[in-house]
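This structure is a prediction, so every number in the text was calculated from the model and none was measured.
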Protein chains: 2
Amino acid sequence: MGADDITIAERIRAQLHRFTPTERRAAHSLLANYPVAGLETVAEFARRATVSAPTILRFVGRLGYSNYPEFQRALRDELDKQGQSPLAKSSYGGAEPDGSGPNAAFCGALIDNLQTTFSHISEPEFHTVANLLGDRHRRVGVIGGRMSDALARLFAAHLAVVRPGVMHLDGQPSNWRDLMVDYGPRDIVVVFDIRRYQEDLTALAEIAAGRGATIILLTDQWLSPVSRHARHIFSARIEVPSRWDSMTSLLGIAEALLAAVTEGRWEEASRRIAMIDSFRRLP
Amino acid sequence: MGADDITIAERIRAQLHRFTPTERRAAHSLLANYPVAGLETVAEFARRATVSAPTILRFVGRLGYSNYPEFQRALRDELDKQGQSPLAKSSYGGAEPDGSGPNAAFCGALIDNLQTTFSHISEPEFHTVANLLGDRHRRVGVIGGRMSDALARLFAAHLAVVRPGVMHLDGQPSNWRDLMVDYGPRDIVVVFDIRRYQEDLTALAEIAAGRGATIILLTDQWLSPVSRHARHIFSARIEVPSRWDSMTSLLGIAEALLAAVTEGRWEEASRRIAMIDSFRRLP
DNA sequence: TCGGCTCTGTAATTTGTATTACAGGAATTG
DNA sequence: CAATTCCTGTAATACAAATTACAGAGCCGA
């Protein structure tokens, strides 16, 4: 909750010269074993620094905290914000979390997938797509396959909060096709399609592309046949030690896109969100 | 590293099944915000886990500590031993993919989340849940919140392929409640609920729990209020550099569960899949 | 060298915390 | 279905911690 992003340690280091000699001992002791010393009791902290308890209190007072618990709370907040759970996160070089159960392998695969997936993203294309999706004058239709349609729903639900004109295409395939009447050169169709590709979707994409709509495809590394008609393609790694394919990296891309779009038009988005919130309070 | 290489977190995870229900809530709360929760006062810890102070004390007692300060000291010792000053490290603890664009940061956050999330999973509990979900005699209802419902759908869709009796609860809240008539002690309700928790879901969980159903909750690190009624809880890290929360790690858990369930009953599952495939060819 | 000032620790006080006893209630077992 | 056991929270208690008042020690300038 710090107003500034500067850590307590850095603040101490910066003001070190303004402390009295014993207070400086306290400061050094704290910096030497950083968060821990400050999380002990005053007495223990004092003993560790070989100063008296009141000196510790004067030290934290000078740092701007009105009492010791407040200081400790600040330290804990920082510890919490910080990359989280330093205990859980071991060295981690490539992609193996600690432990070695079956879940560790699964997690490692997910991480590898994410890393590979993101490293293949073209930044310029990414931003082009983010801008397209942020353009409120373009209608956006979102659709997915049998399993990936859940991601399509999620994507559409978020995007619809940020901007108008977003629609998740569901129901019967004949239904989608009918909706394509409304789509033209200014409009966008986002398609999620991974392995065990569906002919439905390819057919839809063909129709939409024929009408001049821009198709954005999120697929796996082998590329759905929809790619034939897509203007922009994002491919994700989906292989994990499972009978099923993983959609986490695909979701990762979707979330990254949503983050970029939302950030890009936050002015308006925040107003929309506030309004939606106000609706909630009505019932 | 340390004298004993086993961390407190691991010990908790290993013994999770030996705790009473409320103690387990305390354990989950601690694991979800690992060292920090335990460094707060008993009262704060209790409030965070929504249990009473004595429950916290009984929890640490069962872990083998004779009093709370001793437990805290152990946590601090661990924190101290652990590669020193996690706060001093750059803001990125471990996992930066190459490159340094905004997407690299996003990807790094996703990876951190996944890693932390998986490291908090209790293997025994994981397998208990996998077995529960694999039991074809238990009905399974799956539901999610406004945004997380997409994951619920995805989960239900996969699970329904592997075994019978799976249902995604959608439509009006009144609709779900009506369905609860059919649920009893042998049945399971899987709830996805992350920040901006919905009262609907808590109400549903209460009803289901009242009827004796086993509730499995997939939530974020702050634990949805549904946790009050849940028998099994999985908490995921969801913070990313975005206006939205990330659901990738939650999806990761869901996929891991699906992998385990499917593997556990592959004999039958494969037959079902083959049959479903044969249906497709009919048109 | 002396007086004033700041710094520092000791000891008393106060505050807040952990702890424990107990009773109601849920779940379980025969 | 009843009796018992095990949980769980409330409230009172005991304890330990933070805080404050005060006095001596060291330091600087005069």
Atom-pair distance ([atom1] on [X]; [atom2] on [N]), nearest Å:
X        : N       : atom1 : atom2 : value
Phe45(A) : dA17(D) : CZ    : P     : 16 Å
Leu57(A) : dT8(C)  : CG    : P     : 14 Å
Arg24(B) : dC6(D)  : CZ    : P     : 17 Å
Phe59(A) : dC7(C)  : CZ    : P     : 16 Å
Leu39(B) : dA17(D) : CG    : P     : 16 Å

Salt bridge or not between [X] and [Y]? Use side-chain N to carboxylate O under 4.0 Å.
X         : Y         : value
Glu44(B)  : Arg76(A)  : yes
Asp135(B) : Arg265(B) : no
Asp170(B) : Arg153(B) : yes
Arg73(B)  : Glu70(B)  : no

With Arg48(B), which residues qualify under side chain to side chain contact (heavy atoms under 4.5 Å, CB included), at least two apart?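 Applying side chain to side chain contact (heavy atoms under 4.5 Å, CB included) to Arg48(B) gives Ser29(B), Asn33(B), Val36(B), Ala37(B), Glu40(B).
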Verify, without hydrogens or angle tests, whether [X] (side chain) and [Y] (backbone) share a donor-acceptor contact under 3.5 angstrom.
X         : Y         : answer
Glu23(A)  : Thr20(A)  : yes
Asp187(B) : Thr214(B) : no
Arg186(B) : Arg139(B) : no
Arg237(B) : Thr117(B) : no

**Prompt:** According to a 3.5 Å limit on both distances, what stems of 3 or more consecutive Watson-Crick or G-U pairs are formed with DNA chain C?
**Reply:**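 Stem segments, range with range: C:1-30 with D:1-30.
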Positions of residues 180-188 of chain B (non-hydrogen atom under 4.0 Å from DNA chain C), listed by number =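 Going residue by residue through residues 180-188 of chain B, none turns out to have a heavy atom under 4.0 Å of DNA chain C.
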Q.
For DNA chain C, which residues of residues 63-74 of chain A approach it to below 4.0 angstrom with any heavy atom?
A.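 Heavy-atom contacts with DNA chain C come from no residue of residues 63-74 of chain A; none.
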Check: With under 30° as parallel and over 60° as perpendicular, where do the rings of Trp244(B) and His158(A) fit, or are they tilted in between?
Finding: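 Perpendicular: the ring planes of Trp244(B) and His158(A) meet at over 60°.
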Worksheet entry | Closest approach of Glu255(A) to Asp245(B) (non-hydrogen atoms, all atoms of both residues) |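 Glu255(A) and Asp245(B) have their closest heavy atoms at OE2-O, 4.2 Å.
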Shortest non-hydrogen separation from Ile215(B) to Ala208(B) and the atoms involved: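 Nearest pair, atom of Ile215(B) first, then Ala208(B): CD1-CB, 4.1 Å.
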Which donor-acceptor pairs under 3.5 Å do side chains of residues 52-59 of chain B form with protein atoms, sequence neighbours excluded?
residue: Ser52(B); atom: OG; partner: Thr55(B); partner atom: OG1; Å: 3.2

Given protein heavy atoms under 4.0 Å, the one-letter contact record of nucleotides 7-16 of chain D, with B base, S sugar-phosphate only and - none, is simply SBBB------
